[in-house]
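Protein chains get the first letters and strands the later ones, always in sequence-line order, with residue 1 at the start of each. When reading the values below, keep in mind they use all heavy atoms of this one structure, side chains included, and skip hydrogens, waters and symmetry mates.
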Amino acid sequence: MMKRRDFLIGTGSAIAATAALGMPYLARAADKLKAAWIFIGPTGDMGWSYQHDLGRQAVAAKYGDRVETIKVENVPESADAERVLTQLANQGSKIIFTTSFGYMEPTLKVAKNFPNVYFEHATGYKRAPNVSTYAVRFYEGRTVQGTLAGRLTKSGIVGYVGSVPIPEVVGGINAFTQAFRKIRPDGKVKVIYVNEWFNPGKEADAAKALIDQGADIMCQHTDSPAPVQTAEARGVWSFGQSSDMAKFGPTRCVTSNVDNWAPYYVKRVGMVLDGTWKSTDTWGGLAAGMLVIPPFNKTVPQDIASEGYKVKQAIIDGTRHPFDGPVANQAGEIKVAAGSNMPDPEILGINWYVQGVEGDLRK
Amino acid sequence: MTELTAILVSMVLSATPLLLAAAGELVTEKSGVLNLGVEGMMIVGAVVGFGAEYNSGSAVMGFAAAAIGGALLAALFGFLTLFFLANQVATGLALTIFGLGLSALIGTAYIGKPLPHLPLLDIPGISDLPVVGPLIFGQDAIVYLSVAVTIAIAWFLSRTRLGLVLRSVGENHEAAHALGYPVRRIRFLAVLFGGAMSGLGGAYLSLAYTPLWSQGMTAGRGWIALALVVFSTWKPWRLLFGAYLFGFFSIVQLHAQGLAVPIAPEFLSMLPYLATILVLVIISRDAKRIRLNAPASLGKAFRATA
């Protein structure tokens, strides 16, 4: 794989200036708080890393001269990550965001060596005094999508392009299916995993296969807009992922599940500036503004749209839970009784499909 | 459309970028040059093609620019390996890394911008026939181009004088040189052709397959194209078969998942590669055949001695 170290906003030039002009500049450079981000892919992916990078840009815009942001793209989830993190910490980064699940161990390992540097690991579950974790309740958006899909579908078949069968993806499929089957009890959700997070061609292939098998709703938990675009070409409703993909489906993209990391990043960097940073675990959704659902496409009939907005509001208000009972697994066994909700730890680690999803889940 | 028709139509589409890039590389390798930079040339073609179509509004301009972009990158490779005698393997790998970085740089302006799909051939009555309609009479222009170019290459290599010269350069550059053939010039042209074809293959991804630009969107297809050339034992017809076989397996595994066939998706994802390796093994059992077809001077630097 390509290893492109893309240090933004003149880390290099800052060093050069220090060397040329001597100590006074070094002192001034040290006044600036250095905040760093590492990314699993290119920030030009228009998906996962892109959204994280928007958060970084929000930090740069908010704090201006007080903060210097640094980004490193295409960091493999391996010993390479440790090396990059160590380098960033050595260069004086005060807070480092590691934006992929696979950075969990490298983050903890490097954090141990730099007790005065704050680390923030996205979507992980292991913390330390100087390591926080944060994630988005993506599944909340799936409930809105499932509701809209239930009203929009004719065939009752949903095509779902998955990346890899991890709890985050499975939980999204389940939340979608629960909401979908509340409206279409006979509905089916077909899932195809492409086993990659980002491969436009393969995602398009999967979308085509699903449409060819009768799906008239296209859902995705991969990062490229290819499924949305394919659905548009085939006249099928779709839901975008990570970023707002409306442009790729002008008439058929209903809405997208947009990750919004900016409020969190701005808050956490602010805490470092104030000296109030503490190790925490954040799992925010629609209410926290970490998950954003842009206005639905104008082509969606008014009554269906307003039902969707109502569900969204209900989730924000806490009157609707994406996994409100009864929730049954594929075999029909009740896993969550009527009247109760699935607890957070179970959602976080979910490794089974609810009724209505087709096919076996490989564990 | 029936399931089978759907699989076959998608198979042709997914094979097309591979076929274009691999056909170009086949000609390059037949001239004795191993250019491992296919992935880099493809992705540069993808971004240049996207930019050209985005700014001009013409798909033809897009593909033309992509071919030129791929050829320019190949020219760099050609200069380094043929005139400065740089190691072909190392230069090719560097070209891929360079192409990925360069395309990311050029592409920043095009992230998140959509383009329309290419129009499909539509002959009233005929394109609606079952199976053959959508499969043979309902594709976009580049699909037909990829098949036509492959056939033309087969004809060129085996039936024309220039094709014979190109092959002789690839087999024994000393002998070809002694006979008075301009080894370097022929190889350079073959490298350019390979680059242009890779550029087209990349542009097929960004202009037709998924009309969008995103960094790293070729996702390793250049490497598959390289493998296909070996798989085909440097024969264009077999290349056509190999590309479609690969396309078939990569599509069939997705359909199998959609139909909830109880096989691990990870295993199904492996199938196209497994099939390629298997056929490779079967073909390679016949050592004579491999030796007969592999260009004898492949990857060797040529230094004119006399």
Side-chain angles (χ1 to χ4, degrees), chain A residues 1-4 6 41-47 49-50 73-74 159-162 164-165 188 190-196 198-215 223-230 232-233 243-245 247-250 357-360 362, chain B residues 1-3 5-7 9-11 13-14 17 39-40 96-101 103-105 107-108 110-117 205-206 209-221 247 250-270:
Chain A
M1 250 331 269
M2 168 181 61
K3 289 191 194 73
R4 197 162 54 87
D6 195 359
T43 54
D45 65 358
M46 204 46 210
S49 295
Y50 177 79
E73 298 173 284
N74 297 305
Y160 207 118
V161 180
V164 282
K188 283 188 280 193
K190 285 175 179 281
V191 185
I192 295 184
Y193 288 103
V194 292
N195 286 310
E196 282 178 74
F198 178 80
N199 184 338
K202 210 166 166 191
E203 292 169 47
D205 289 340
K208 278 181 219 158
L210 288 162
I211 295 168
D212 289 333
Q213 291 178 0
D223 286 346
S224 94
V228 167
Q229 199 174 38
T230 305
E232 177 78 17
S243 64
D244 188 353
M245 294 177 174
K247 266 187 286 182
F248 292 91
V357 183
E358 292 208 319
D360 293 338
R362 297 278 148 180
Chain B
M1 262 198 288
T2 64
E3 191 82 26
T5 315
I7 292 173
V9 170
S10 299
M11 164 196 89
L13 293 179
S14 80
E39 178 84 2
T96 287
I97 299 168
F98 174 62
L100 287 167
S103 65
L105 183 70
T108 43
Y110 305 118
I111 291 166
K113 306 244 163 74
L115 279 181
H117 276 89
L205 290 170
S206 68
Y209 208 72
T210 53
L212 57 91
W213 163 252
S214 56
Q215 238 170 291
M217 70 180 296
T218 44
R221 283 180 182 75
S250 44
I251 298 300
V252 113
Q253 62 104 349
L254 297 171
H255 276 262
Q257 282 194 57
L259 294 173
V261 177
I263 305 172
E266 292 82 359
F267 174 76
L268 292 169
S269 298
M270 245 165 58

State whether the number of non-hydrogen atoms from other residues, nucleotides or ligands found under 6.0 Å of B:Phe98 atom CZ is greater than 12. no
One should read off an interatomic distance between A:Thr43 OG1 and B:Gln215 CD, to the nearest 0.5 angstrom, of 6.0 Å
Can you tell me how far apart CZ (A:Phe248) and CG (B:Leu115) are? Round to the nearest 0.5 Å.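 It comes to 9.0 Å.
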Within the 4.5 Å heavy-atom criterion, are [X] and [Y] side-chain neighbours or not?
X: B:His117; Y: A:Thr230; answer: no
X: A:Phe198; Y: B:Ser214; answer: yes
X: B:Leu13; Y: A:Asp205; answer: no

Contacts of B:Thr210 that satisfy side chain to side chain contact (heavy atoms under 4.5 Å, CB included) - sequence neighbours left out: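 Partners of B:Thr210 by the side chain to side chain contact (heavy atoms under 4.5 Å, CB included) criterion, ordered by chain and then number, come out as A:Pro200, A:Ala204, A:Ala226, A:Gln229, B:Leu212, B:Met217.
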Under the side chain to side chain contact (heavy atoms under 4.5 Å, CB included) test, which residues partner A:Gln213, sequence neighbours left out?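 Testing A:Gln213 for side chain to side chain contact (heavy atoms under 4.5 Å, CB included), a comparison that skips the adjacent residues, returns A:Lys190, B:Glu3, B:His255, B:Leu259.
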Checking A:Lys247 side chain against B:Pro114 main chain: does a donor-acceptor pair fall under 3.5 Å? no
Given side chain to side chain contact (heavy atoms under 4.5 Å, CB included), test A:Leu210 with B:Gln257 step by step and report yes or no. CA-CA 9 Å; A:Leu210 288 162; B:Gln257 282 194 57; over 6 Å; no
Comparing B:Ile7, B:Leu254, B:Leu205 against chain A, the one with the most heavy-atom pairs below 4.5 Å turns out to be B:Leu254
A:Lys208 and B:Ser10: which non-hydrogen atoms are nearest, and at how many Å?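 So the two residues come closest at CD-OG, 4.0 Å.
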Between B:Gly258 and A:Ile192, what is the shortest heavy-atom contact and its length? N-CG1, 3.6 Å
Measure B:Pro211 against the heavy atoms of chain A and call it side chain, backbone, both or neither at under 4.5 Å.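 Contact with chain A: backbone and side chain both.
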Most contacts with chain B, counted as non-hydrogen pairs under 4.5 angstrom, among A:Ala206, A:Ser224, A:Ser243: A:Ala206
Let me see the working for B:Thr5 and A:Asp212 under side chain to side chain contact (heavy atoms under 4.5 Å, CB included), right down to the final yes or no. CA-CA 9 Å; B:Thr5 315; A:Asp212 289 333; over 6 Å; no
